[in-house]
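Source: prediction; values computed, not measured.
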Amino acid sequence: MVSSTQQTERVRARQHKNAGKRRKRQMRMGKTTPSFPVHPVGYDPNAADAKPAKKD
């Protein structure tokens with residue numbers, strides 16, 4: 001009979017492996033989070049966390 005620690009480690013490893021496979025499959029199929037604006041309409045560009053403006 002296998003020890004509970006060994007069994008737990010194998011289950012965790014299997015779950016991590018399958019999670020990676022599923023994630024990569026979804027990325028290939030284009031099923032990712034839809035893009036969204038980082039700073040939505042009405043965002044204050046002078047806020048402390050605002051990105052610096054582009055200099056031309």
remark   = Taken to the nearest 0.5 Å, the spacing of Arg12 CZ from Arg14 CZ works out to 12.5 Å

message = To the closest 0.5 Å, what do you measure between CZ (Arg22) and NZ (Lys17)?
response = 11.5 Å

request  = Could you grab the distance from atom CD of Glu9 to atom OG of Ser3, nearest 0.5 Å is fine?
outcome  = 7.5 Å

task = Rounded to the nearest 0.5 Å, what's the gap from CZ on Arg10 to OG1 on Thr8? Could you check?
result = 11.0 Å

